[in-house]
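Notes to accompany the following structure.
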Amino acid sequence: MSRIKVTVVGAGNVGGSIAQRLAEKNWYDIVLVDIVEGLPQGKALDLLEAGPICAYDSALTGANHYEASKDSDIVVITSGVPRRPGMSRDELLETNTNIVSGVVRETAKRSPNAILIIVSNPLDVMTHVAHRVSGFPRKRVIGMAGVLDSARFRSFISEALQVSVENIHAMVLGGHGDSMVPLNRYTTVAGRPVTEWLSPEALEALIKRTREGGIEIVNLLKTGSAYYAPAASVVEMVEAISKDQKKILPCAALCAGEYGFHDLFLGVPVKLGSGGAEEIIEYALTPQEQAALAVSAKAVGELCGQVDLMMKKTT
């Protein structure tokens, strides 16, 4: 059976970590693309040389051009300016819109049947940009957001309760960041709702920390942002798609009436399989949850409107 070809655009910390985790699965051939001369080549060579020790035969290629990405099955886009202390995701809007637009044009042209996974921030909006520029069907453009947010939420719950993360299942909806909507009723510890384990005050503190999870790491690192957990989140999505697992994960997907939203990329539960975002799963929401999701959707929609105006001016 031929290997799955995955191109990772952006060979920084996130892209390099994704390439490492994918290589160690021994199921993928990976192409790292970056504009910085020598960077993707060096990381690809380093990972290749780790193969005999880590027992993988994955092919690894580094390139400064997009020809190497031709006929990819999956393209992961991490390119963009990272956040710095005091910077919100939204401040990245214009710069990363231009970067992501350029990357998508080049990769979509060379891999017209690929599934795109977007990691660049602001996540939901950059997924909107990728969909608009690529012209791909909505199933083949997905944003990585909720997988990371739910992993952070599970980690903090595990730490608070001193319970294995494997006993914890979490679901979050909405935009990536401050407007994230946790579904506490569907977040369980050993099958019991998390609300039975934690007081409202303790749970709210964990939700706040989850919403601010990215900036907490930015402030600690000073000169960088999170990459281990984002990379692991992307790889879980890639695995679900390439192995047709039909795994339900919270991802940024294009709503077409689901949850009452139209033509909007938003964090929702998605069944991931070989076709990409094969189905959006609709949960029954309380009026409070629906209202919170509407606030999140409004924030994402406003940014998408700004991006559409920017892109219209440049065409």
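Positions are given from 1, in the same order as the sequence printed here.
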Mark yes when over 12 heavy atoms from residues, nucleotides or ligands other than [X] sit less than 6.0 Å from its [atom1]; otherwise mark no.
X	atom1	answer
D263	CG	no
K243	NZ	yes
L285	CG	yes

Using 4.0 Å as the upper bound for N to carboxylate O, is an ion pair formed by [Y] and [X]?
X	Y	answer
E239	K247	no
K208	E212	yes
K109	E106	yes
D178	R211	no
R209	E159	yes

Would you say that [X] contacts [Y] through its side chain, given a criterion of any heavy-atom pair below 4.5 Å between the two side chains?
X	Y	result
Y56	W27	no
M126	N121	no
I117	I77	no

Problem - Nearest heavy atoms of K5 and V31, plus distance in Å - result: CE-CG2, 3.7 Å
Completion exercise
In short, G16 meets K43 closest at the heavy-atom pair CA-CD, 4.4 Å
Problem - Distance-only side-chain donor-acceptor flag, S72 / T7, under 3.5 Å - result: yes
Practice task
Answer with yes or no whether the side chains of Y66 and T107 bring together a donor and an acceptor at under 3.5 Å.
Solution key: no
Problem - Listed once per pair and sorted, the side-chain hydrogen bond (donor to acceptor under 3.5 Å, both in side chains) pairs that draw on residues 293-308, sequence neighbours left out - result: H128-D308, R132-D308, S179-S296, K298-E302
Would you say [X]'s side chain and [Y]'s backbone share a donor-acceptor pair under 3.5 angstrom?
X	Y	value
E258	A256	yes
R21	V235	no
S150	V147	yes

Practice task
May I ask whether I217 and L148 are part of the same hydrophobic cluster, defined by side-chain heavy atoms of I, L, V, M, F, W, Y residues being less than 4.5 angstrom apart, directly or through others?
Solution key: no
Exercise for the section: Indicate if L183 and V295 have the same hydrophobic cluster label, given that clusters are the connected sets of ILVMFWY residues with side-chain heavy-atom separations under 4.5 angstrom. Expected result: no
Fill in the blank from the handout: Per side chain to side chain contact (heavy atoms under 4.5 Å, CB included), Q41 is matched among D46, T61, N64 by N64
Handout entry: Within the 6.0 Å centroid threshold, strictly below: H131 and F265
Key = yes
Completion exercise
Sequence neighbours excluded, the answer for side-chain contact (heavy atoms from CB on, under 4.5 Å) partners of P193 is T195, E196
Fill in the blank from the handout: In short, salt bridge (charged side-chain N to carboxylate O under 4.0 Å, His left out) pairs touching residues 270-281 with sequence neighbours left out are K246-E278, K271-E279
Exercise for the section: Any chance you could measure T127, atom OG1, to R138, atom CZ, to the nearest 0.5 Å? Expected result: 14.0 Å
Exercise for the section: Using the six-membered ring of W197, assess whether NZ or CZ of R192 lies under 6.0 Å from its centre and within 45 degrees of the ring axis. Expected result: yes
